[in-house]
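What follows is a set of notes on a single structure, which appears directly below.
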Amino acid sequence: MSPVGIGMTSERTRLRMIERLRQQNINDERVLMAMSNVPRHLFVDEALSHRAYEDTALPISHGQTISQPWVVARMTEVILQDDVPEKILELGTGSGYQAAVLGQLIDQVFSIERIDKLTKPARRRFINMGYRNIRCKTGDGFEGWASEAPFDVIICTAAPEKIPYSLLDQLKEGGKMILPVGDKDKQELIALIKGEDGFSQEKLGEVFFVPLLEGVVR
Ligand code: SAH
């Protein structure tokens with residue numbers, strides 16, 4: 001499934017990022033392999049591309065950020081933990097980096113971004129890198145993507161203040177939703193697992209993401 005046409009620029013610095021992730025307790029080889037295949041420097045502005053492999057969130061445009069590599073790795077580990085999902089929905093496409101990492105591992109990736117001016121460049125990146133299994137659209141993530149539901153997994157790469165329970169309708173039974181919940185002062189990464197009658201919840205530690213906001217920006 002490896003997309004064709006991915007440049008090998010900065011391969012050495014990318015491998016250093018992978019080594020650092022290993023030291024930071026990312027152990028899933030599938031995740032490390034996927035992240036070594038995705039050129040993160042092509043997801044940030046050219047002026048910042050020399051910093052693309054540092055373990056830090058970086059600004060993209062419109063006041064948003066590309067998530068920190070460790071956070072992407074950790075989220076992806078949790079996604080793959082039990083079974084490899086076949087169909088996943090991401091809320092918060094941003095640069096498209098997390099979706100591209102998922103696109104290396106998962107058959108069908110859907111991603112929603114509320115700022116139209118971010119959706120378009122992300123889509124261009126997916127096309128240029130040869131991904132045929134990632135679809136993205138501008139929309140309000142709070143509404144999900146009903147025509148493509150149900151999903152095995154839904155992830156949020158922006159934080160709502162409260163759990164948006166209505167989205168759980170778009171999950172398969174046994175499916176999970178992984179999301180940061182909280183405000184700018186305190187957020188926790190949570191996994192919700194959909195059971196026969198109700199949900200179980202697992203806490204995965206403190207994180208920091210930009211807020212999940214309502215409405216679309218055209
Ligand atoms: N996954 C991204 C992280 C981007 S930051 C990456 O790898 O680069 C989070 C993104 O979520 C921002 O681009 C923000 O505009 C978007 N966002 C916030 N609220 C949203 C909503 N309700 N629906 C869809 N996207 C949203």
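- Using modelled atom types, one finds a donor on one side chain and an acceptor on the other under 3.5 Å when comparing Thr76 with Gln98.
- Under the 30°/60° scheme for interplanar angles, the aromatic rings of Trp145 and Phe110 are found to stand perpendicular.
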side-chain contact (heavy atoms from CB on, under 4.5 Å) between Arg218 and Thr138, intermediate numbers included: CA-CA 9 Å; Arg218 294 270 172 201; Thr138 302; 4.0 Å; yes

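- A heavy-atom distance below 4.5 Å is not found between the side chains of Arg125 and Asn128.
- Rounding to the nearest 0.5 Å places CG of Leu171 at 5.5 Å from NZ of Lys194.
- Tyr131 OH to Gln104 CD: the interatomic distance, rounded to the nearest 0.5 Å, is 4.0 Å.
- To the nearest 0.5 Å, the span separating CD on Glu113 from NZ on Lys117 amounts to 12.5 Å.
- With Ile66 as reference, Val44 is the one residue of Val44, Thr56, Thr157 to meet the side-chain contact (heavy atoms from CB on, under 4.5 Å) rule.
- Placement of Leu91 and Leu213 in two distinct hydrophobic clusters is found when ILVMFWY residues are connected by side-chain heavy-atom separations under 4.5 Å, directly or transitively.
- Using a 4.5 Å cut-off between side-chain heavy atoms of Ile, Leu, Val, Met, Phe, Trp and Tyr, with links allowed through other members, Val84 and Ile79 fall into the same hydrophobic cluster.
- Counting heavy atoms of neighbouring residues, nucleotides and ligands inside a 6.0 Å radius, atom CD of Glu148 exceeds 12 of them.
- The backbone N or O of Glu214 sits nowhere less than 3.5 Å from a side-chain atom of Asp140 that would complete a donor-acceptor pair.
- In this structure, Tyr53 contributes its side chain and His41 its backbone to a donor-acceptor pair below 3.5 Å.
- Each of Ile115 and Leu212 belongs to its own hydrophobic cluster when Ile, Leu, Val, Met, Phe, Trp and Tyr are linked at side-chain heavy-atom distances under 4.5 angstrom.
- In this structure, the side chains of Thr93 and Leu118 stay at 4.5 Å or more apart for every pair of heavy atoms.
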Test side-chain contact (heavy atoms from CB on, under 4.5 Å) applied to Ile178 and Leu189, step by step: CA-CA 7 Å; Ile178 301 155; Leu189 193 63; 4.3 Å; yes

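- Partner of Ser111 under the side chain to side chain donor-acceptor pair (under 3.5 Å) criterion, chosen from Arg135, Arg123, Glu90: Glu90.
- Residues Leu179 and Val153 are members of separate hydrophobic clusters, defined by side-chain heavy-atom contacts under 4.5 angstrom among Ile, Leu, Val, Met, Phe, Trp and Tyr.
- Side-chain contact between Leu21 and Trp70 is present, with at least one heavy-atom pair separated by less than 4.5 Å.
- A donor-acceptor contact shorter than 3.5 Å is absent between the side chain of Asp152 and the backbone of Ile88.
- If you take CZ on Phe151 and CD1 on Ile106, they are separated by 12.0 Å, rounding to the nearest 0.5 Å.
- Separation of atoms CG (Leu102) and CG (Asp107) is listed at 12.5 Å; rounding is to 0.5 Å.
- With salt bridges taken as basic N to acidic carboxylate O contacts below 4.0 Å, none links Glu202 and Lys176.
- Taking both residues in full, the closest heavy atoms of Val216 and Gly139 are given as CG2-C, 3.5 Å, listed atom of the first, atom of the second, then distance.
- For the pair Ser36 and Leu15, the tightest heavy-atom approach, listed with the atom from each and the gap, is CB-CD2, 4.3 Å.
- A distance-only check finds a donor-acceptor pair linking the side chain of Gln187 to the backbone of Phe209 [under 3.5 Å].
- Here the shortest heavy-atom pairing between Pro180 and Ala158 reads CG-O, 3.7 Å.
- With hydrogens and angles disregarded, a donor-acceptor distance shorter than 3.5 Å links the side chain of Gln170 to the backbone of Glu143.
- No donor-acceptor pair closer than 3.5 Å links the side chain of Glu188 to the backbone N or O of Val181.
- For the pairing with Phe199, the side-chain contact (heavy atoms from CB on, under 4.5 Å) check across Leu168, Ile193, Ile163 returns one residue only, Leu168.
- Considering every non-hydrogen atom in both Ala191 and Leu204, the closest pair reads CB-CD1, 4.0 Å.
- Using a 4.5 Å cut-off on side-chain heavy atoms (C-beta onward), Val101 and Met75 make no contact.
- Counting heavy atoms from C-beta on, the side chains of Val38 and Phe43 come closer than 4.5 Å.
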Val217/His62 under side-chain contact (heavy atoms from CB on, under 4.5 Å): CA gap, chis, key distance, verdict: CA-CA 10 Å; Val217 183; His62 304 275; over 6 Å; no

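- Heavy atoms only, all atoms of each residue included: Ala100 and Phe126 are closest at N-CE2, 4.2 Å.
- Using a 4.5 Å heavy-atom cutoff, the side chains of Leu80 and Pro85 are in contact.
- Using a 4.0 Å cut-off between charged nitrogen and carboxylate oxygen, Arg14 and Glu11 do not count as a salt-bridge pair.
- Nearest heavy-atom pair across Ile112 and Gly141 is CG2-N, 4.0 Å.
- Residue pairs satisfying the side chain to side chain donor-acceptor pair (under 3.5 Å) criterion with at least one member in residues 18-31, sequence neighbours excluded, are listed as follows: Glu19-Arg22, Arg22-Glu29, Gln24-Asp55, Asp28-Arg30.
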Residues Glu196, Glu173; criterion side-chain contact (heavy atoms from CB on, under 4.5 Å); working and verdict: CA-CA 7 Å; Glu196 234 171 78; Glu173 199 177 304; 3.4 Å; yes

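- Cation-pi contact between Arg40 and Tyr97: present, with separation from the ring centre below 6.0 Å and deviation from the ring axis of at most 45°.
- A continuous path of Ile, Leu, Val, Met, Phe, Trp and Tyr side chains, each step under 4.5 Å between heavy atoms, connects Met35 with Ile26, placing both in one hydrophobic cluster.
- Other residues, nucleotides and ligands place no more than 12 heavy atoms under 6.0 Å from the NZ atom of Lys120.
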